[in-house]
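So you know, we letter chains A, B, ... as the sequences are listed, proteins then strands, and number each from 1. Please read these numbers as outputs of a predicted model, since none were measured by experiment.
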Amino acid sequence: MSAILIIEQILNGLQFGVMLFLMAAGLTLIFGVMGLINLAHGSLYMVGAFAAAAVAGWTGSFLLGLAAALAAAALAGAIIEMVVIRRLYSAAHLDQVLATFALILIFSEGTRWVFGSFPLFLDIPEALSGPVTLPGGIQYPLYRLALIAIGLAVAVGLWALIERTRIGIQIRAGENDREMIGALGVDISKLYTLVFALGAGLAGLSGALVGAIQSVQVGMGEPVLILAFVVIVIGGIGSIRGAFVGALLVGLTDTLGGVFLPELFAVFMETSAAQKSGSALASMSIYILMGLVLIWRPTGLFGARI
Amino acid sequence: MKLKTLIASTAILTAASMAQADVKVGMITTLSGGGAGLGIDVRDGFMLAIEQSGRSDIEVVIEDDQRKPDIAVQLADKMIQSEKVDVLTGIIWSNLAMAVVPAATAQGKFYLSPNAGPSALAGKGCHQNYFNVAWQNDNLHEAAGAYANETGYGNSFILAPNYPAGKDALTGYKRFFEGDLAGELYTKLGQTDYAAEIAQIRASGADSVFFFLPGGMGISFLKQYADSGVDLPVVGPAFSFDQGILQAVGDAALGVVNTSQWNKDIDNATNAAFVESFQAKYGRLPSLYASQGFDTANLLISAVDSADVNDADAFRAALKAANFDSTRGDFAFGSNHHPVQTIYAREVVKEGDVFTNKIIGTALSDHADAYAGDCKM
Amino acid sequence: MRIEERFVNATVLVGLLGVPLWALMIEEPFTITLATRAVILALAAVGLNVILGVGGLVSFGHAIFFGIGGYAMGILAFHAQTYSELDLGLFSTSGTNSMPVIWLVAMGFSAFSAFLIGLLTLRTSGVYFIMITLAFGQMFYYFAISWPSYGGEDGLSIYVRNDFPGLNTLVPFQFFALCFVILCVVLFIYARLQASPFGLALNSARQSRARAETVGLDPMRIRLLAFVISGAITGLAGALFADLNRFVSPTMFSWQLSGELIVLIIIGGVGRLMGPVIGACLFVALEHFLGGFTEFWHVFLGLILLAIVLFARGGVIGLLTGKEGAHV
């Protein structure tokens with residue numbers, strides 16, 4: 001295996017990880033501030049992708065599609081928070097699980113009701129299509145490089161928002177002590193709606209970005225949701241930094257595992273059999289990674305110590 | 001789950017007051033959740049044929065299996081125990097067919113498969129009451145291998161998901177492909193990102209790519225492949241290029257060759273009428289699956305015409321004769337009750353704003369499956 | 001309106017027996033099959049309720065045991081059906097068609113896996129426990145899909161239901177009765193367990209770990225034992241479920257199934273004796289009747305579940321008896 005191929009695969013892993021981060025950041029933020037397990041986060045990802053596909057198909061502009069994805073997902077998030085989630089902050093984790101599970105059912109079949117049973121079309125914008133040649137002669141799709149850039153920009157933006165702004169101070173305070181910030185005169189319910197909409201918007205954005213190179217279809221959010229949970233658990237629930245590290249770890253493990261495990265097995269097995277067992281193990285690799293991390297550090301890499 | 005559909009022919013009122021329907025058909029298919037598009041197509045094609053026949057002696061009960069094997073088994077129990085159907089049909093997925101078909105045929109029911117054709121039911125597990133009206137699972141992949149030979153590909157990179165149908169697909173391709181393999185990959189079931197696989201294809205030195213990635217997996221792969229700058233020719237079975245999902249793939253699919261036993265431009269009167277009436281009734285172009293549903297219903301009607309369903313031997317012989325006008329032209333069953341049929345190579349083209357396929361040649365003529373020899377019927 | 005919980009429990013059991021009896025009289029065998037499905041799902045959820053309701057640990061991976069139970073049945077019956085040898089290294093067997101043997105094997109393997117998984121996962125708690133059990137579930141799921149020997153994703157068909165001495169298990173009502181009796185026995189054991197010193201210790205470990213430790217209890221050992229019992233019960237349900245469908249497949253390991261089991265318990269009432277039973281009956285009934293109205297019945301199922309969470313804290317039992325369920 002050549003060095004070029006290895007570098008290309010590492011880029012692929014990074015890109016996958018960065019997209020996972022967009023999903024995981026919202027999830028972990030919502031958990032950190034409100035203590036809510038939001039199973040419906042994948043539905044917001046789907047909402048973003050469908051909104052982008054509909055608007056981009058209608059106007060012909062990918063940028064407008066992205067804007068629509070952000071807006072639709074954030075709006076959906078705000079509505080969910082105000083109508084349903086708000087009543088559940090004091091409830092047990094289990095009630096939240098059931099409520100957000102119900103939301104998945106409503107969103108998935110509701111989307112199918114509106115858009116039909118067939119996948120929608122969403123394409124890469126003209127300006128970003130096709131491959132570019134990187135130093136060293138690596139051919140790499142420009143769009144995927146753009147995804148890495150956008151993901152990193154969002155990560156920096158989130159960091160700045162939380163560390164440098166007034167809202168960020170309130171969010172951090174909310175993570176530490178919920179009663180206290182209420183006592184300090186911050187409007188908690190507004191803050192919660194805002195955080196939820198922010199997380200939802202990030203999920204919608206990543207749905208739209210990824211939707212351009214994948215299939216925009218009902219149920220697309222569920223596999224990503226599971227991966228995003230793996231990410232935030234590895235990183236430590238509530239920690240944005242943990243989500244970032246966790247996302248990159250998961251992205252790289254999944255991509256490189258899929259490539260190298262079959263190669264590794266082929267050293268002492270016949271090719272076809274090595275393919276089968278190698279890829280079987282590769283499909284379990286991130287869950288094994290998560291299991292190992294939790295056995296080593298039961299609250300994740302950057303989680304609060306109990 | 002209970003979408004009971006009595007056939008809405010013009011004669012329905014008089015028919016209902018006259019007598020019970022003579023033949024009762026239970027259709028178990030996927031109508032909700034991901035993958036519902038395929039079941040809806042089969043149902044619509046099937047019901048179109050029944051409606052066009054104007055018959056009131058065939059009653060169809062339709063239920064949604066949600067693509068869950070355990071639900072499918074229960075529905076089959078229900079249809080056999082409570083609805084007392086004579087014929088079962090409708091299942092889309094091989095794993096659901098494996099769960100339902102052996103038990104149903106063992107209880108003396110007829111099963112007409114409008115889509116799935118797992119190898120176990122074509123070979124050792126074949127049954128005299130099981131008729132496959134679509135294809136044996138390997139068929140379209142074998143045709144892809146044959147097409148690759150004909151086109152002169154000598155070094156293919158092949159990939160499929162890591163599950164039984166995926167393994168069958170690669171086996172089917174390799175059974176006919178005479179060149180070398182530049183690489184052989186099993187991807188994760190439900191995988192959505194193929195960057196790593198495409199990088200391997202680029203580095204492999206192959207001259208062609210064969211892939212079997214049904215549904216959303218294929219959409220993702222094709223979009224990413226088109227954007228990667230790798231320009232090796234791609235062949236695949238029709239499933240990733242079917243009418244329902246082609247619009248979601250867009251330009252990325254243009255020019256790709258895929259193998260299918262049916263296309264809307266197959267030149268015969270039945271097919272032309274089918275395409276036109278399907279479009280008129282449902283407002284969309286028919287897919288491969290719709291054509292299979294339509295053919296299944298017409299096979300059933302032809303058998304009902306010439307035999308009483310209560311006389312199992314006669315009814316079986318009538319089915320076996322396949323005396324109906326298929327959308328595919330000539331249609332016959334082999335010794336294991338699977339189709340012996342021509343499989344075409346088709347190319348994705350754009351007609352106006354709509355992506356669709358056109359036939360460019362024949363991949364395999366009068367092709368049967370590899371398992372018929374194992375079938376002791 | 002306040003109703004005694006004991007009265008609710010009795011009504012549910014009588015109703016669960018009465019519906020199939022009625023179906024037997026009017027010859028609606030499918031209703032009996034539906035009732036059997038409810039009973040088996042209830043049994044699986046009772047298993048989960050041991051660790052979730054009493055122990056306060058939300059396992060999002062209980063489909064593991066359901067699947068192991070299912071495959072125990074599938075593999076044993078497959079070898080008996082094909083007259084092939086199952087080589088286990090130390091010894092080999094030609095499988096079996098006998099339900100009691102299959103149940104023992106299913107419970108044994110589930111309990112053993114629960115022991116191993118529990119050793120690794122019970123160090124965590126709260127949300128982390130939910131997630132690590134989910135991770136184990138996913139591992140089993142992907143393993144089952146890509147394991148070729150027993151059908152992979154296609155699953156494994158067993159053409160005839162296994163035997164139970166003195167019964168014809170293919171008759172819907174006889175199989176229902178068998179499952180119903182098992183459910184009653186397990187419910188009895190659960191009730192005794194809950195009131196036993198062990199149950200009280202488990203309950204106190206849920207409410208306050210520190211308090212449990214100060215009175216000399218070892219929460220880890222108690223929880224591990226509860227997890228093993230819980231896994232064994234769900235494994236037994238898995239074997240019965242496989243026999244109901246005469247089919248096993250990796251979907252028995254799916255995270256959706258783990259989620260469904262949790263949902264059943266919440267609908268009925270967490271930590272309640274009959275919570276899972278009520279939840280399972282309601283869920284199966286909703287699934288069946290809503291499907292009759294519309295293709296998009298999931299939307300309405302979702303709305304009903306939302307209504308239960310928002311307006312019926314403590315599930316249906318909580319609503320009827322006016323008491324909230326155990327806090328988890």
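Most heavy-atom pairs under 4.5 Å with chain A, from the set C:L301, C:V263, C:I308: that is C:V263. For chain C, the option among A:L39, A:I295, A:I37 with the highest count of heavy-atom pairs below 4.5 Å is A:I295. Chain A forms more heavy-atom pairs under 4.5 Å with one residue of C:Y142, C:F60, C:F136 than with any other, namely C:Y142.
If you measure heavy-atom distances from C:I145 to chain A, you find no contacts under 4.5 Å at all. Contacts of A:I226 with chain C are made by side-chain atoms alone, with heavy-atom separations under 4.5 Å and no backbone atom involved. For C:F140, no part lies under 4.5 angstrom from a heavy atom of chain A. The contact between C:I130 and chain A is made entirely by side chain atoms (from C-beta outward), counting heavy-atom distances below 4.5 Å. Heavy atoms of C:I262 lying under 4.5 Å from chain A belong exclusively to its side chain. Of the two parts of C:L310, only the side chain, counted from C-beta on, holds a non-hydrogen atom closer than 4.5 Å to a non-hydrogen atom of chain A.
Residue A:I80 is tested with A:L75, A:T100, A:L44 for a side chain to side chain contact (heavy atoms under 4.5 Å, CB included); the sole match is A:L44.
At least one donor-acceptor pair under 3.5 Å links the side chain of C:T234 to the backbone N or O of C:A44. Looking at A:H41, its side chain does come within 3.5 Å of a backbone N or O of A:M23 through a donor-acceptor pair.
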Side-chain donor-acceptor distances from residues 218-225 of chain C under 3.5 Å, at least two apart:
unit_1, atom_1, unit_2, atom_2, d
C:D218, OD1, C:M220, N, 3.1
C:R223, NH2, C:A205, O, 3.3

With a 3.5 Å cut-off and sequence neighbours excluded, list the donor-acceptor pairs that the side chains of residues 228-257 of chain A form with protein atoms.
unit_1, atom_1, unit_2, atom_2, d
A:S239, OG, A:R241, N, 3.4
A:S239, OG, A:G242, N, 2.7
A:T253, OG1, A:L249, O, 2.6
A:D254, OD1, B:K188, NZ, 3.1
A:T255, OG1, A:G251, O, 2.8

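Separating the CZ atom in C:F65 from the CZ atom in C:F253 is a distance of 10.0 Å, to the nearest 0.5 Å.
In the model, C:H62 has no side-chain atom that pairs as donor or acceptor with a side-chain atom of C:T133 under 3.5 Å.
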